[in-house]
2 protein chains.
Amino acid sequence: MKGLTIGQVAKRGEVNIETVRYYERQGLIPPPPRRESGYRAYPEETVNRVRFSKRAQELGFSLKEIAELLSLRVGPDTVCADVRKRAVAKIAEIEQKMETLERMKEVLAGLAAECERRGPVSECPILEAMESEEDVDAEG
Amino acid sequence: MKGLTIGQVAKRGEVNIETVRYYERQGLIPPPPRRESGYRAYPEETVNRVRFSKRAQELGFSLKEIAELLSLRVGPDTVCADVRKRAVAKIAEIEQKMETLERMKEVLAGLAAECERRGPVSECPILEAMESEEDVDAEG
DNA sequence: ATAAACCCTGTACCATGATACAGGGTCAAG
DNA sequence: CTTGACCCTGTATCATGGTACAGGGTTTAT
């Protein structure tokens, strides 16, 4: 067979068929070649694009951002310096996200542990712990 | 003054006034006490709830999940063991997210660095690098 | 005591990310 | 050579997370 059908891509990527077509429209996956019949014939790679997209989405990236990530490479229209710039910007964003996640994790771990020992009854433990670690610049 | 107005909360939380009311409807912030006039009078804490909500959202948590995080505590209706269980589950989710972010970050860093040196022209560097590090269980 | 700025409820509308048909053609097995 | 599973395009619908009034009352500074 010369390529995967949309159904196979959907199944392996664990998304709906309609979602695959939707991703194509949104530029997340390139329009695949067609068979005589008009059926899409996808390369294996497409499955990974779909999976990557799903993961990235769970990390709060929009489809537009994901499309950009997937197309981030040096090519005829994109010069190296530009790619580098965008990569570096994304790295900063990612680090920001990771820091916040790290704090959330610590807070949750503390909550679970503390609970074990004595059972805290703070109004909102998560918030109190998160606040204490961040620079609260609340000016009136 | 006995509490913040909705406008003050919105401004400090860097969201729209309508969003504050929306968050209230969605259970992210508790219905505040009212003044004689019916005006909402928020405690300072609300601003932090709003900010936390915004951050968590950027990490891919839904408003529903955020509401749960914010209410994660031992209380009259919630027993310690349950809180612990939920906290532990969230921690696992968070770790998963962090791992994916870490991989994305490494890939982007590699891309930026490589680009500096020789200019790679792989079709989709991000994907290729991400795939090589993950267990691709693609069965037909 | 009056105008600007603000808040109330309620409902309508918007963008994003899908998901669901309708109406019709294609493929694969018996 | 038909029947069920699959694919096509196009359009409608949905859930989530807001945003925007309309119509009306409140606060505050002058």
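A, B, ... follow the sequence lines: proteins, then strands. Residue 1 opens every chain. FYI, side chains are in, hydrogens and waters are out, and symmetry mates aren't considered; it's all heavy atoms of this structure.
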Separation of atom [atom1] in [X] from atom [atom2] in [N], rounded to whole Å:
X	N	atom1	atom2	answer
K64(B)	dA15(D)	NZ	P	13 Å
L59(A)	dG17(C)	CG	P	14 Å
R35(A)	dC8(D)	CZ	C1'	12 Å
Q8(B)	dT28(D)	CD	C1'	13 Å
E65(A)	dT16(C)	CD	C1'	13 Å
R55(A)	dG17(C)	CZ	P	19 Å
I6(B)	dT27(D)	CD1	P	15 Å
I17(A)	dT9(D)	CD1	C1'	14 Å

Winner on side-chain proximity to T5(A), out of dC7(D), dT27(D), dG17(C), is dC7(D)
Side chain of N16(A) - closest among dT9(C), dC6(C), dT19(C):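 Within the option list, the nearest is dT19(C).
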Give the residues of residues 18-26 of chain B touching DNA chain C, defined as any heavy atom closer than 4.0 Å, sorted by residue number. R21(B)
Nearest atoms (heavy-atom pairs only) where A67(B) meets G27(B): CB-O, 3.9 Å
Report yes if some heavy atom in the side chain of T100(A) is under 4.5 Å from a heavy atom in the side chain of F52(B); otherwise report no. no
Are OP1 or OP2 of [N] and a side-chain N or O of [X] less than 4.0 angstrom apart?
X	N	value
R40(A)	dC8(D)	yes
S37(B)	dT27(D)	yes
Q57(B)	dG18(D)	yes

Please figure out whether S62(A) or Y39(B) has its closest DNA chain C nucleotide nearer the 5' end. Y39(B)
For a side-chain contact (heavy atoms from CB on, under 4.5 Å) with Y42(B), tell me which candidate from I29(B), V47(B), T5(B) qualifies.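 Going through I29(B), V47(B), T5(B) one by one, the side-chain contact (heavy atoms from CB on, under 4.5 Å) with Y42(B) is satisfied by I29(B) alone.
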Determine which pairs satisfy salt bridge (Lys or Arg N to Asp or Glu O under 4.0 Å) with at least one residue from residues 79-90 of chain B, sequence neighbours left out, and list them in order.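 Salt bridge (Lys or Arg N to Asp or Glu O under 4.0 Å) check on residues 79-90 of chain B returns E116(A)-R84(B), E65(B)-K90(B), E68(B)-R86(B), D82(B)-R86(B), K90(B)-E93(B).
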Taking atom CZ of R12(B) and atom CG of L4(B), what is their separation to the nearest 0.5 Å?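 Rounded to the nearest 0.5 Å, the CZ-CG separation comes to 5.0 Å.
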Examine I17(A) and Y39(A) and state if one hydrophobic cluster contains both, with Ile, Leu, Val, Met, Phe, Trp and Tyr joined whenever side-chain heavy atoms are less than 4.5 Å apart.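 Result: no, two separate clusters.
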Is it the case that K54(A) places NZ or CZ above or below the six-membered ring of Y23(A), under 6.0 angstrom from the centre and within 45 degrees of the axis?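 No.
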